Amino acid sequence: MAATNLTGLVRDYLFDQRTRQDMQMTERAAEALVPDLEHLSAENLNETLRDYSDSMNGRLMILDPDGKVQFDTFGSLCGRRLALEEVLQVLTAGNADAYGMYTPGRETAESMSGEEGAEYVAYCARELRAGGRLLGTVLFVSRIQKMMDSLNAVQWQLVTVFIVIALAALVLALILSQVLTKPITDLSRAMRKMGKGDLSVRAPVRGSGEMKELAEAYNTMAAQLESLDKTRNQFVSNASHELKTPLATMKIMLETMMYQPDMPRELQQEFMEDMNHEINRLTGIITDLLTLTRTDAKNQEMKKEPVDMSALTEEILHLLKPAAGKRNQSLTGEVESGLVLLGDQSKLHQILYNLTDNAIKYTPDRGRIHVSLRQEGDDVVWRVRDNGVGIPEEDQDHVFERFYRVDKARSRETGGTGLGLSIVRQLVTMHGGEVTVESVPGEGSEFTVRLPRKGA
Ligand SMILES: Nc1ncnc2c1ncn2[C@@H]1O[C@H](COP(=O)(O)OP(=O)(O)OP(=O)(O)O)[C@@H](O)[C@H]1O
Ligand SMILES: [Mg+2]
């Protein structure tokens with residue numbers, strides 16, 4: 001398309017150029033010939049005509065007003081009438097000149113122009129006028145075959161060049177699209193695999209720019225999903241294990257009672273009390289699990305009302321005094337009065353209850369537990385300090401994880417499941433605060449809860 005347009009332009013330009021050139025030459029020859037026509041002899045005129053035709057590189061004829069050839073540099077058409085379109089335009093239509101290009105067939109073209117192998121020929125006619133009288137016309141037969149040949153050659157060259165360029169562009173486009181789409185196909189392959197459940201697949205990170213960013217973002221997401229999946233599996237297996245243990249204990253006791261009908265009454269009573277204890281434990285675990293999953297859900301409703309933190313703290317201290325008293329522990333408080341916080345009363349209650357309950361559980365008899373409530377800047381801060389067993393450095397990061405217990409055997413004894421602190425952390429986060437621990441094994445621990453007064 002572009003090639004034909006371009007060759008069209010070239011052809012038009014060359015034709016134009018040639019037409020103008022031929023017409024100028026013919027006009028000049030005609031002007032020079034007018035005076036000669038009247039003065040020179042036929043012989044001399046023929047010679048002058050030949051001189052002109054040589055310099056113009058073509059055939060020159062002079063026709064009388066009837067269209068009859070009077071002079072011809074080839075000599076062959078003398079005396080013949082030539083009814084060419086251009087001649088007629090000058091002699092009858094009254095035009096000063098006329099020009100036309102033709103492909104009249106090889107024979108005619110060759111005989112007219114005298115050019116070997118010619119197929120194209122151009123005629124240029126120019127009036128011969130002296131003092132308003134039309135004396136006849138000059139007819140110039142121009143040899144344009146060479147021009148046409150080179151034009152054809154140029155045309156073919158252009159077409160070839162364009163085909164080569166188009167092919168090269170096509171190949172380049174194919175290669176480029178391969179290079180560009182490769183990361184995308186890689187990524188979608190990874191996504192499909194992940195969709196089928198394989199969370200370990202990662203997309204290859206290559207190149208630069210957006211594609212690289214996309215692959216990295218995808219990989220981060222995949223890693224997060226994978227770890228989420230792992231935690232969930234762990235949670236389910238931990239939970240079922242925790243639930244199985246009390247059930248197994250109860251089953252053993254129940255079977256013993258079933259197959260020993262003559263068991264002493266007191267032993268039976270003791271078994272039933274143990275079973276009741278296990279049922280309480282099961283209920284506790286399930287309540288904790290429900291709390292966790294419920295606070296997990298983001299759309300969970302949290303009340304946001306003014307909570308009297310000072311009163312709440314006193315209330316919990318009062319509630320847990322008996323438990324501490326049973327173990328001869330001193331449970332003391334240092335409560336700043338009148339501290340109010342925007343939050344959920346029952347959730348705040350559970351936070352401090354769990355922490356104080358832990359302090360009592362993990363502090364030996366006659367130990368000291370101290371709870372404080374203070375305002376620090378815009379925060380309300382709880383500190384629960386004990387001089388109990390403490391938490392080893394390497395476990396401090398993990399105690400807030402679900403089912404995590406430092407000393408599995410001991411805390412099973414004390415009835416712990418490892419859910420208390422993970423509930424604490426979730427509830428504190430819901431209130432926009434944070435919980436931290438500082439502890440030295442053998443010396444004691446201090447848990448700090450920092451809550452913004454205006455709520456989350
Ligand atoms: N004050 C503390 N002193 C020493 N160790 C503690 C203290 N508080 C928590 N821990 C350790 O952190 C672990 C996790 O505590 P968390 O309250 O989550 O679980 P738990 O007390 O074992 O069980 P649950 O609270 O669910 O009944 C405990 O098992 C214990 O090993
Ligand atoms: Mg606990």
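Whatever order the structure lists them in is the order used to number ligands and atoms, beginning at 1. Computed from a prediction, not measured in an experiment: that's the story for all the values here.
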Element-labelled atoms of ligand 1 that are located less than 4.0 Å from some non-hydrogen atom of [X]:
X	result
V406	11 (C), 29 (O), 31 (O)
V389	4 (C)
S445	2 (C), 3 (N), 4 (C)
Y404	13 (C), 14 (C)

Task: With sequence neighbours excluded, residues passing ring pair (Phe, Tyr, Trp, His ring centres under 6.0 Å) with F447 - done: none
TODO: Return the set of residues passing salt bridge (charged side-chain N to carboxylate O under 4.0 Å, His left out) with R366 (not counting sequence neighbours), or none when no residue passes.
DONE: none
Open item on the list: Can a side-chain donor-acceptor contact be found between N238 and E242 if the only test is distance below 3.5 angstrom?
Closed with: no
Task: No-hydrogen, no-angle side-chain donor-acceptor test under 3.5 Å, Q268 and R265 - done: yes
TODO: Identify the residue among Y99, F140, Y102 that makes a ring pair (Phe, Tyr, Trp, His ring centres under 6.0 Å) with Y123.
DONE: Y102
Task: the Mg ion (ligand 2) - number of protein N/O/S atoms closer than 2.8 Å - done: 1
Task: Close side-chain approach of E278 and L247, heavy atoms under 4.5 Å - done: no
Task: Test side-chain contact (heavy atoms from CB on, under 4.5 Å) applied to Q260 - qualifying residues, sequence neighbours left out - done: T256, D262, M263
Task: Whether over 12 other heavy atoms sit under 6.0 Å from E394 CD - done: yes
